[in-house]
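Some notes on the structure that comes next.
Ligands are counted one by one from 1 in listed order, and the atoms in each one are counted from 1 as well.
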Amino acid sequence: MSKIQKLLVANRGEIALRIMRSARELGIKTVAVYSEADRLSPHVKYADEAVCLGPPPSNLSYLLSDKIIEVCKNLGVDAIHPGYGFLSENAEFAKKVSDAGLIFVGPSPGSIEVMGSKLAAKQAVSKYDIPLVPGTDEAITDINEAKALAAQIGYPILIKASAGGGGKGMRIVESAADFEEQMQRAVSEAQSAFGDGAVFIEKFITSPRHIEIQVLGDQQGNVVYLFERECSIQRRHQKVIEEAPSAVVSPEMRKAMGEAAVGVAKACNYYGAGTVEFIVDENLDFYFLEMNTRLQVEHPVTEMITGKDLVKEQIWIAEGKALNFKQEDLQINGHSLEIRVYAEDPKNNFLPDIGKLQTYRRPQGPGIRVDDGFEEGMDIPIYYDPMIAKLITHGQSREEAISRMIRAIDDYQITGIQTTLDFCKFALQHEAFTSGNFNTKFVEKYFEPKVLDQTLSDKEEELIAALAVEFFLQEKGSDSGKVMQGEEKASSSGWRKRLRIDG
Ligand code: ADP
């Protein structure tokens, strides 16, 4: 067991800050790395020491594994936390780190490698009793054999690249007539995008939910699950609202999914924090999709309902400590939601809307957590993921977590760029969301840019009515107390309302 004294966080933005905060609480010194675009970032200021890696593009900065290891040697760092994205799921980097005598705060290179290949992952878990989407668990070599199998599974089917990731490398085949052509395209795409042409087929689940299980394992072989996160509200196959627990998971289903997730982790001798992703069909049958071998963006909702600090757990595990709790010690407390505040324009197909954060004030109050990496006046750089912040709420019930989130969205003050805040408010108020009856098709099914105009004009009407009262009272020469009431009424229903109308 070796106590970590100085930790380098090989990441940027909100996750770098979030990791450093836990490190500080553990009395660990922190080192930030940054690109020239992030020179003034909060994560750089927060760290005890900071080193510039190079120009903004990530391949010239955040992905420079050798340079990062060199920084560790120069500054007497003993451990690296990779965060998410960048080098976090790079088995070669994890190996280099330990070869350099440093601690990698994450799983072994072997686990990362197995779970980095969808086919290797399926093969690894096949010894355990884990439900898989009907399909092949080997690369397709004989197209006729694959076609026969596809007919057996039933169309539509999905062709997936074994090395694919981030929602890329998948093709839906609607009927047998398209099979050969789509297969050829899929192989050549996989080859050129991932350098690995291996593809396999799976039944295409038409309207699935995406539900994942958080696991923690120590180096002694203990693995526990920290319940589920519902991540079905996605745009462009990427999550935008997450919650824990899910509105549709019963205690029995939770136990079955949790135990399956522990099986997946055991299948690759996993230690550290990891996430086992499942897709869930209309009958609430669940199937293993993949395992993410890192801390997940949406980990705070799990922290809110379990009371565990997942970064501290990662650090303790990396130091070689055994988990200090058991499965039966874990309980769900209340309900938590997270929305991702992206610098994107929901009215323009969620395209990034990069620019300066002219006004930036966070919501506050009971049950609210904001994980962000920006300050007012900063530019959102074009080089990285355009996420400004994660807004997280916790409540005693799902209803309270939702109403708290809506209040927090109204209190969030952002000008200068378009964000996903209004879209999230729309989604949280939608009947499909409040009833829990939604899936990954939510945006496609219910969202049109004009629904945001609609909310805006409702707001305008309300404000105009309030102003009319004010004028009426002024006209009548009424006392100032009443005029004040009129003003309060105009402003009490939220800052965002006034902001939109002013600008
Ligand atoms: P990636 O590694 O690219 O994230 P995943 O296997 O996790 O790939 O799948 C990403 C998303 O694609 C899932 O969240 C789900 O929405 C969809 N998906 C994956 N497999 C299927 C399937 N068999 N049927 C329907 N949708 C799927």
heavy-atom search around atom 11 (C) of ligand 1 in the protein gives M170 CE, 4.2 Å
among protein heavy atoms, the one nearest atom 3 (O) of ligand 1 is G167 N, 2.5 Å
Can you sort out which atoms of ligand 1 are near [X], meaning under 4.0 Å from one of its heavy atoms?
X    : answer
K160 : 6 (O), 19 (C), 20 (N)
H210 : 14 (O)
F204 : 24 (N), 25 (C), 26 (N)

Identify each donor-acceptor pair in which a side-chain atom of residues 138-156 lies under 3.5 Å from a protein atom, sequence neighbours left out, and give them as a table.
unit_1	atom_1	unit_2	atom_2	d
D142	OD1	N144	N	2.9
D142	OD1	E145	N	3.2

Keeping N348 on the side-chain end and L351 on the backbone end, is there a donor-acceptor pair under 3.5 Å? no
Do H81 side-chain atoms and G106 backbone N/O form a donor-acceptor pair below 3.5 Å? no
Is there a nitrogen or oxygen of [X] sitting under 3.5 Å from a nitrogen or oxygen of ligand 1?
X    : answer
L158 : no
E277 : yes
E290 : yes

query: Please walk me through it: do M183 and V173 pass side-chain contact (heavy atoms from CB on, under 4.5 Å)?
result: CA-CA 9 Å; M183 181 62 79; V173 190; over 6 Å; no
Can a cation-pi geometry be assigned to R340 and F423, taking NZ or CZ under 6.0 Å from the six-membered ring centre and within 45° of the ring axis?
no
Logged contact type for K118 with ligand 1, heavy-atom cut-off 4.0 Å, is side chain
With heavy atoms and a 4.0 Å threshold, my read on which part of I279 contacts ligand 1 is side chain
Pair T419-Y412, side-chain donor/acceptor within less than 3.5 Å: no
With H299 as partner, the option from R18, E338, R229 fulfilling side-chain hydrogen bond (donor to acceptor under 3.5 Å, both in side chains) is R18
Only one of R369, K390, K308 passes salt bridge (charged side-chain N to carboxylate O under 4.0 Å, His left out) with E303, and that residue is R369
_Salt bridge present between R236 and E344 (N-O < 4.0 angstrom)_ = yes
Of I211, L289, N439, the one whose closest heavy atom lies nearest atom 13 (C) of ligand 1 is L289
Restricting to heavy atoms, the pick from V133, I205, N292, I157 nearest atom 24 (N) of ligand 1 would be I205
Checklist entry - atom 17 (C) of ligand 1: protein heavy atom closer than 4.0 Å? => result no
